[in-house]
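Everything below concerns the one structure shown next.
Because only heavy atoms are used, hydrogens play no part in the values below, and waters and symmetry mates are left out as well, while side chains stay in. What you are looking at is a predicted structure, and each value in this text was computed from that prediction instead of being measured.
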Amino acid sequence: MCGISGGIGQSTYEAVESSLNSLVRRGPDNQSLHRFSNGLTLGAARLAMTDPLPRSNQPFLNLETGNALVFNGEVYNFKILRSELQKKGINFITDSDTEVVLKCLEHYGTQIINRFEGMFAFAFFDKIKNELIMTRDFLGKKPLYYSTKNNNIFFSSQISVVKKFIGAQEIDKRSLTTYLQLGYLVDPFTMYSDILAVQAGEVIHFDLSKKIIHDRYVLTPTNLGAIPGSSIRAVLENSITQRVAGHDNFAISLSGGIDSTIISLASKELGLNPIAYTARWSAADKPKYNIDSNLATEIANKLKIPLRIIEMPEANEIPEYLREFVSAMEEPNANPTGVSMMKLYGEIAKEGVRLVLTGDGSDEIFGGYLRHLKVDKFKHFPQIKNNFLEKFIIKNRDNTKLIRLLYPFISVNMEAAWLFWHLISNEAEVTSIFQQSMPLPSIKANIDLKKIYDSKQNRVANLLFNDLQVWLNMESNRKLDRVSMWHSIEARSPFQSEELINAGFMAMKKQKFNVLQKDILINEFPELTQLVTSQKKIGFSSPLGYWLRSNPNLIKKTGEILLDEFKIDAKSWNLLAESPANGEFRGFTQLWSLVVLGAWVEYAK
């Protein structure tokens, strides 16, 4: 894995050279750059996971063609693609996936990208066409940001690198509004008006002569919609094998739930020898936060997997971990688990572990969240497409009795059908505290999975597809990548194999998306009955109310920062500031989002 950067235009060589120090956490093993005759400079900081020899360092150049690649990620099916190219007479000088990606692009063009199975973000220099091609994987597991300000093209894995090059930036109001209502940002926008994200699955062609974008499109992975050739279990086992190939040592983030337990179980049955890590909250105010670690301990003992229990931060440590989390993210993210993950991955890194498997992605395929079960109850209700109804539901989402009557009738194709379950603040609440109109921008997934899986009018399917392409992509995967790479750890999620996503959705489609709570997945692993207890886990949650009640100075400081930066309404702020003491969950969730925003404002200055 790597951190990458590059650009063309005035002072870009110096900026790329300087960026290598900033990218060293993403790539501690080697930092190099190359300047081409047309003025383009490419740079990379490498975390050597595949073919760690210097021959695979980047930027990777094909000396015969003059083409080059800077590549962050892993293409797990690269050996299959390599074999195909070798049969066509194409030779290789390394054992890396980087060289395979470059030569695939040279031989097939960009259409080959939809066959890359893995997580990646890269920039490919085509010397003949004098163009730079940038793209990211379909679930946005790896980051890539760019700017075309001042007749330059500049890009990097990190927002801070781009910002440093283009100079001081105004906060983008669209992104601020999105964050305040959702708790995270939605591509392509960032917190800075002149910096954009390459969207998941998007391919952008930059004309290096004119320094403009001359083409862009989204590629749908070839696996999606295909008839599965293997069972879900077999596909998952192959996904695990692919993600640990070449690594004798790896870890599993074991929460005690179905997903990470299946990863652990399958790893043992495949003859692999992982070590498991779990989080424990000995300093929390309620014993429920330790249910997950108790379950993880029981499961690890039954599977005979070594387990390390990591003690999570005490309340007085939260301000420091929050500052570090915001630095790693480079943007605000209101999910408190991110702060907890900083401690977890920090301790894993201290033990020299470089590869961690996670269970992320299963819920979004197999209907594991409670909201999927609730929406399923409405499947026989008539659907009404009415803009007034949509806005009314979002605005009054806390009026439980009223919304229970109206929500079942809303059209599955309206944004409110998904947003209802995800907003931490609605437009009226945000407008009240920031004293200006802040309507949420439209949020749309890049790929129409409803069309691929023939489920346009299915309420549960609509929720799943947006959970996968918006929530998982832009909140969960983003957080996992930034936190793990801050500690130079590669976190991989076997459930996010495109082949497995397709097999899961095909199985769900066969059942008309009526079989939920991961029952389809669970039936593939009957051994689970011997491993998982009936005690219900709570998920990787954090004692947020306790944190806030224990840190009044953090709340006070946040109020001062936001009053100075945004001129917030003091009365509305004071009501939120009292919510932890009153035990108002929705209130202190909104308060935490503002505490994170305050920490980000401090970081960004």
Sequence neighbours excluded, the answer for side-chain hydrogen bond (donor to acceptor under 3.5 Å, both in side chains) partners of Tyr603 is none

May I have all residue pairs that pass side chain to side chain donor-acceptor pair (under 3.5 Å) and include part of residues 503-515, sequence neighbours excluded?
none

Give every residue pair that meets the side chain to side chain donor-acceptor pair (under 3.5 Å) criterion with at least one member in residues 232-247, sequence neighbours excluded.
Arg233-Glu237, Arg233-Glu269, Arg233-Glu527, Ser239-Arg243

Would you give me the side-chain donor-acceptor pairs under 3.5 Å for residues 178-188, sequence neighbours excluded?
residue, atom, partner, partner atom, Å
Thr178, OG1, Arg174, O, 2.8
Tyr179, OH, Ser593, O, 2.5
Gln181, NE2, Met438, O, 2.9
Asp187, OD1, Arg478, NH2, 2.6
Asp187, OD2, Arg136, NH1, 3.1
Asp187, OD2, Arg478, NH2, 3.3

Side chain of Ser455, backbone of Asn458: donor and acceptor closer than 3.5 Å?
no

Is it the case that the ring center of Phe513 lies less than 6.0 angstrom away from the ring center of Tyr453?
no

Option passing side-chain contact (heavy atoms from CB on, under 4.5 Å) with Tyr289 (candidates Ser282, Pro543, Ser542)
Pro543

Please report the C-alpha distance between Lys479 and Glu331 in whole Å, then the side-chain angles of each, then the deciding distance to 0.1 Å, and finally whether the salt bridge (charged side-chain N to carboxylate O under 4.0 Å, His left out) criterion is met.
CA-CA 10 Å; Lys479 186 169 75 265; Glu331 63 186 24; over 6 Å; no

Between Lys518 and Asp259, is the closest basic N to carboxylate O distance under 4.0 Å?
yes

Inspect the surroundings of CG in Asn523 and state if more than 12 heavy atoms from other residues, nucleotides or ligands are less than 6.0 Å away.
yes

Only one of Asn294, Thr297, Asp292 passes side-chain hydrogen bond (donor to acceptor under 3.5 Å, both in side chains) with Arg280; say which it is.
Asn294

With no hydrogens and no angle check, do the side chains of Ser493 and Thr358 hold a donor and an acceptor under 3.5 Å apart?
yes

Report the residues that fulfil salt bridge (Lys or Arg N to Asp or Glu O under 4.0 Å) with Glu202, sequence neighbours left out, ordered by chain and then residue number.
Arg216

When you check the side-chain N and O atoms of Trp486 and Glu324, is any donor under 3.5 Å from an acceptor?
yes

Would you please name every residue forming a salt bridge (Lys or Arg N to Asp or Glu O under 4.0 Å) with Glu415, sequence neighbours left out?
none

Between Tyr321 and Trp547, is the gap from one ring center to the other below 6.0 Å?
no

Among Arg492, Lys142, Arg25, find the residue that satisfies the salt bridge (Lys or Arg N to Asp or Glu O under 4.0 Å) test when tested with Asp481.
Lys142

Checking Ser260 side chain against Ser255 main chain: does a donor-acceptor pair fall under 3.5 Å?
yes

Under-4.0 Å salt bridge between Arg354 and Asp29
yes

Please determine whether the number of non-hydrogen atoms from other residues, nucleotides or ligands lying under 6.0 Å from atom NZ of Lys268 exceeds 12.
yes

